[in-house]
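Below, chains carry the letters A, B, ... as their sequence lines are ordered, and counting in each starts from 1. Atom set for the values below is all heavy atoms of this structure, side chains included, hydrogens, waters and symmetry mates excluded.
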Amino acid sequence: NAGVTQTPKFRILKIGQSMTLQCTQDMNHNYMYWYRQDPGMGLKLIYYSVGAGITDKGEVPNGYNVSRSTTEDFPLRLELAAPSQTSVYFCASSYGTGSSSGANVLTFGAGSRLTVL
Amino acid sequence: AQSVSQHNHHVILSEAASLELGCNYSYGGTVNLFWYVQYPGQHLQLLLKYFSGDPLVKGIKGFEAEFIKSKFSFNLRKPSVQWSDTAEYFCAVIANFGNEKLTFGTGTRLTIIP
């Protein structure tokens, strides 16, 4: 049972380069999320998706793009990498939101550490 | 909008000491509350959650948290910590209404000295 799989685990980019962080989940979850984690700042939501074909901005979307063509996949694209995007990126999924006890429980991937030089 | 505060940024304890990590949230309505743990080099894992009912919630590895609605708090406790509890701990909240998404606190780094 793989859960949430992220690739790559590590990447170094030069300023201005572009790349895509891949995220796949095999739990048939409707909701998927991208967070970035910076020291002392906790996790900030970049983008999220409530189902295939539907995405929306989170707290810190600038410099990123996402797509959700299937339930399983939720790639995060950096178009013009900047040093401020040096961070650890986590993809997560949940089966929904609402008041039921399992709905808001997020399952996280292992993270992708990105350095922009 | 909802927010979460974790006032302890770094806590250092000796093995067998008791632990309490503070978490306060701001939101006037019904909320769901979580503690996640991130062991060194690993991803976040759910430690425990509160949705409704008994305000004292028990999680994995002997952790528990108490929801005190009047204080907007959800503090994490463990009576006797172990070296393996060294990790970063994140409190998170989500409003049980509307289109809010899970909001995380800034985290508390816990270091246990053998």
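Within the structure, every pair that satisfies the side chain to side chain donor-acceptor pair (under 3.5 Å) test and touches residues 9-18 of chain B, not counting sequence neighbours, is listed here: B:H10-B:T111.
Taking CZ from A:F108 and CD from B:Q42, the interatomic distance works out to 14.0 Å, rounded to the nearest 0.5 Å. Note: B:L44 CG to A:L43 CG = 5.5 Å, rounded to the nearest 0.5 Å.
Hydrophobic clustering, with ILVMFWY side chains joined whenever heavy atoms are under 4.5 angstrom apart, groups B:Y50 together with B:Y89. Clustering ILVMFWY residues whenever any of their side-chain heavy atoms sit less than 4.5 angstrom apart, transitively, puts B:F104 in a cluster other than the one holding A:M32. Residues B:V37 and B:V81 are members of one and the same hydrophobic cluster, defined by side-chain heavy-atom contacts under 4.5 angstrom among Ile, Leu, Val, Met, Phe, Trp and Tyr. A:Y48 and A:L78 fall into different hydrophobic clusters, where Ile, Leu, Val, Met, Phe, Trp and Tyr residues are linked whenever their side-chain heavy atoms come under 4.5 Å apart, directly or through other members. One hydrophobic cluster, built from ILVMFWY side chains closer than 4.5 Å, cannot hold both A:F74 and A:V105; they sit in different ones.
Applying the salt bridge (Lys or Arg N to Asp or Glu O under 4.0 Å) criterion to A:R113, with sequence neighbours excluded, gives no partner residue.
In this structure, the portions of B:L102 lying under 4.5 Å from any heavy atom of chain A include both its backbone and its side chain. At a 4.5 Å heavy-atom cutoff, B:Q6 makes no contact with chain A through either its backbone or its side chain.
Annotation for A:L117: hydrophobic cluster partners, listed by chain and number, are A:I12 (ILVMFWY side-chain heavy atoms under 4.5 Å, direct or chained).
Contacts from residues 34-42 of chain A to chain B, taken as heavy-atom pairs separated by less than 4.5 Å, involve A:Y35, A:Q37, A:G40, A:M41, A:G42 in sequence order.
Remark: side-chain polar atoms of B:Y36 are paired, donor with acceptor, to backbone N or O of A:L106 under 3.5 angstrom.
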